[in-house]
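Quick caveat: nothing in here was measured; it's all calculated off a predicted structure. Reckoned from all heavy atoms, side chains included, excluding hydrogens, waters and symmetry mates.
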Amino acid sequence: MLDRIVVKEFLEREFEDINIEMPEDISEEALAETFCKYVENDYYEWLKDNFKSFFDHGNPDWAWIRKRIEH
């Protein structure tokens, strides 16, 4: 789960950097929460895809994994 305060501050800096103004009818908290949920959903899918890849779709190559751990 993302830290909502950190994300809110991130959004504020990014908006400032690219000169985006938030509409008055959208609160910073609501925007940060919605953005967090969006990122978390994407992050979960990314984790699932990487899990499949890392563990070779259920046929893990333990020798390869050991090398990664040592690296």
* Can we call the ring centroids of W64 and F54 under 6.0 Å apart? ->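 Under 6.0 Å, so yes.
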* Asked: At their closest point, which heavy atom of M1 faces which heavy atom of E40, and how far apart are they?
  ->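 Smallest interatomic distance, heavy atoms only, reads CA-OE2, 3.4 Å.
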* Asked: Do you know the tightest heavy-atom contact between S27 and A30?
  ->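 Heavy-atom minimum between the residues: OG-N, 2.9 Å.
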* Going by an N to O cut-off under 4.0 Å, is there a salt bridge joining E70 and K67? ->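 Answer for the salt bridge query: no.
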Between [atom1] on residue [X] and [atom2] on residue [Y], distance to nearest 0.5 Å:
X	Y	atom1	atom2	value
F51	D56	CZ	CG	11.5 Å
D61	R66	CG	CZ	9.0 Å
E28	E9	CD	CD	10.5 Å
K52	N50	NZ	CG	11.0 Å

* Asked: By the rule that ILVMFWY residues connect when side-chain heavy atoms come within less than 4.5 angstrom, directly or transitively, which residues belong alongside W46?
  ->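 When side chains under 4.5 Å apart are linked, the cluster holding W46 also contains Y43, L47.
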* How does the hydrophobic cluster around F10 look, that is, which other residues are in it when side-chain heavy atoms under 4.5 Å mark a link? ->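 L2, V7, L11, F15, I18, I20, M22, I26, L31, F35, Y38, V39, listed by chain and number.
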* Asked: Do other residues, nucleotides or ligands put more than 12 heavy atoms under 6.0 Å from E45 CD?
  ->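 Yes, enclosed.
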* May I ask you to check whether over 12 heavy atoms, not counting those of E14, lie within 6.0 Å of atom CD? =>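 More than 12 heavy atoms, drawn from other residues, nucleotides or ligands, come within 6.0 Å of this atom.
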